[in-house]
Amino acid sequence: MSLPRIFGGELEERYGQADAVRIFELKKELAHIPQGSLDIASYFNKIKQLWDKIVALSVIRIRTCSNCGAKSDYQKDEDVQKVYQFLIGLNDTYIHIRSNIFMIQPFPSISIVYNILLSDEKQRQVSSSPQFLPRSASFNAGVSK
């Protein structure tokens, strides 16, 4: 959140530099976050917390058209960067879904990418759960020795 503009922006000039250093630290931390053992939701939330801190410290405000609600190019670039950042840290098990995401036109938003990956993760969990085996005890109940 930017500081109030009083006294010709004096507060912004005086204290805005500390925000720049903190933003740098947060972006550096963001660049080194792998998914590791986290599930998609936990990994996304970890990254989103950093994004939110960066936005809160940023002096640049996003402009939105009051007539149509369109975002400025700055915001669109930031959204694309978030998608890249999220995809960069994913485990290699998501390499195929990541390739498919890159083929989507127009390039998807972070919320769409998150939902795609969350859905893929849930499908993987269902696929890896124990399968019904025909040789279970219920099938062998009527078999005599």
Side-chain angles (χ1 to χ4, degrees), residues 1-140:
M1 189 177 321
S2 64
L3 299 168
R5 292 217 177 252
I6 22 182
F7 306 116
E10 183 180 335
L11 289 176
E12 184 94 44
E13 289 175 22
R14 184 177 301 156
Y15 298 107
Q17 296 304 318
D19 287 350
V21 172
R22 182 66 182 133
I23 290 170
F24 173 79
E25 290 170 346
L26 291 169
K27 286 191 176 201
K28 187 174 178 183
E29 186 179 340
L30 212 95
H32 299 291
I33 295 179
Q35 180 187 0
S37 62
L38 299 173
D39 61 10
I40 292 294
S42 300
Y43 171 60
F44 179 78
N45 288 335
K46 190 172 184 179
I47 289 178
K48 184 157 181 2
Q49 287 175 351
L50 292 173
W51 289 335
D52 291 345
K53 287 179 185 178
I54 291 168
V55 167
L57 292 170
S58 293
V59 176
I60 300 171
R61 288 284 146 238
I62 294 133
R63 294 185 180 142
T64 304
C65 176
S66 58
N67 294 330
C68 67
K71 296 176 183 177
S72 68
D73 286 341
Y74 170 79
Q75 180 60 37
K76 290 176 187 173
D77 290 342
E78 281 293 309
D79 289 345
V80 169
Q81 294 306 314
K82 287 179 180 180
V83 172
Y84 286 136
Q85 178 62 51
F86 185 53
L87 294 175
I88 285 169
L90 285 175
N91 292 337
D92 287 341
T93 56
Y94 294 99
I95 195 164
H96 296 296
I97 193 78
R98 184 172 46 211
S99 296
N100 290 339
I101 288 169
F102 286 130
M103 290 188 281
I104 297 172
Q105 293 296 326
F107 198 67
S109 67
I110 188 63
S111 59
I112 290 172
V113 169
Y114 171 72
N115 287 323
I116 290 170
L117 287 162
L118 197 60
S119 176
D120 184 71
E121 180 182 62
K122 294 211 182 292
Q123 288 176 7
R124 288 172 192 266
Q125 289 170 348
V126 169
S127 297
S128 67
S129 64
Q131 298 294 322
F132 179 75
L133 299 175
R135 301 185 135 223
S136 69
S138 62
F139 280 107
N140 292 330

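Remember, predicted model here, so these are calculated numbers, not experimental data.
- Applying the side-chain hydrogen bond (donor to acceptor under 3.5 Å, both in side chains) criterion to Asp39, with sequence neighbours excluded, gives Ser42.
- For the atom pair Leu87 CG and Leu117 CG, the distance stands at 6.5 Å (nearest 0.5 Å).
- Residues in residues 89-114 take part in no salt bridge (Lys or Arg N to Asp or Glu O under 4.0 Å) pair, two or more places apart or across chains.
- Taking the six-membered ring for Trp and the full ring otherwise, Tyr84 and Phe107 have centroids separated by under 6.0 Å.
- Taking OG of Ser127 as the reference point, atom CZ of Arg124 lies at 9.0 Å (rounded to 0.5 Å).
- In this structure a side-chain-to-backbone donor-acceptor pair under 3.5 Å is present from Glu121 to Ile40.
- Take Phe102 and apply the ring-ring contact (aromatic ring centres under 6.0 Å, His included) test, not counting sequence neighbours, and it matches no residue.
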Checklist entry - Taking it one step at a time, do Leu26 and Leu57 satisfy side chain to side chain contact (heavy atoms under 4.5 Å, CB included)? => result CA-CA 10 Å; Leu26 291 169; Leu57 292 170; 3.8 Å; yes
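- Atoms CD1 and CG, from Ile116 and Asp120 in turn, are 9.5 Å apart once rounded to the nearest 0.5 Å.
- Judged as a side chain to side chain contact (heavy atoms under 4.5 Å, CB included), and not counting sequence neighbours, Asn115 has no contacts.
- Remark: Ser119 engages no residue in a side-chain hydrogen bond (donor to acceptor under 3.5 Å, both in side chains) (not counting sequence neighbours).
- Applying the side-chain hydrogen bond (donor to acceptor under 3.5 Å, both in side chains) criterion to Thr93, with sequence neighbours excluded, gives no partner residue.
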Checklist entry - Which is it for Ile110 and Val80 under the side chain to side chain contact (heavy atoms under 4.5 Å, CB included) test, yes or no, and what are the steps along the way? => result CA-CA 8 Å; Ile110 188 63; Val80 169; over 6 Å; no
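- For Lys48, the side-chain hydrogen bond (donor to acceptor under 3.5 Å, both in side chains) criterion is met by Asp52, not counting sequence neighbours.
- Of all heavy-atom pairs between Leu30 and Ile47, the closest is CD1-O, 4.0 Å.
- Contact check for Ile104 versus Val113: no side-chain heavy atoms found under the 4.5 Å cut-off.
- Heavy-atom minimum distance, Lys82 versus Trp51: O-CZ2, 3.3 Å.
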Checklist entry - Hey, mind stepping through Tyr43 and Asn91 against side chain to side chain contact (heavy atoms under 4.5 Å, CB included) and telling me if it holds? => result CA-CA 11 Å; Tyr43 171 60; Asn91 292 337; over 6 Å; no
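- Expressed to the nearest 0.5 Å, how far CD of Gln81 lies from CD1 of Ile88 amounts to 8.5 Å.
- Here Gln49 pairs with nothing under the side chain to side chain contact (heavy atoms under 4.5 Å, CB included) rule; sequence neighbours left out.
- Applying the salt bridge (Lys or Arg N to Asp or Glu O under 4.0 Å) test to pairs two or more places apart or on separate chains, none has a residue in residues 26-37.
- Partners of Ser111 by side chain to side chain contact (heavy atoms under 4.5 Å, CB included), not counting sequence neighbours, listed by chain and number: Ser109.
- Remark: Tyr114 pairs with Phe44 by the ring-ring contact (aromatic ring centres under 6.0 Å, His included) rule, at least two apart or across chains.
- With sequence neighbours excluded, no residue forms a salt bridge (Lys or Arg N to Asp or Glu O under 4.0 Å) with Lys46.
- Summarising the geometry of Tyr94 relative to Ile97, their closest heavy-atom pair is O-CG2, 3.2 Å, with the distance given to 0.1 Å.
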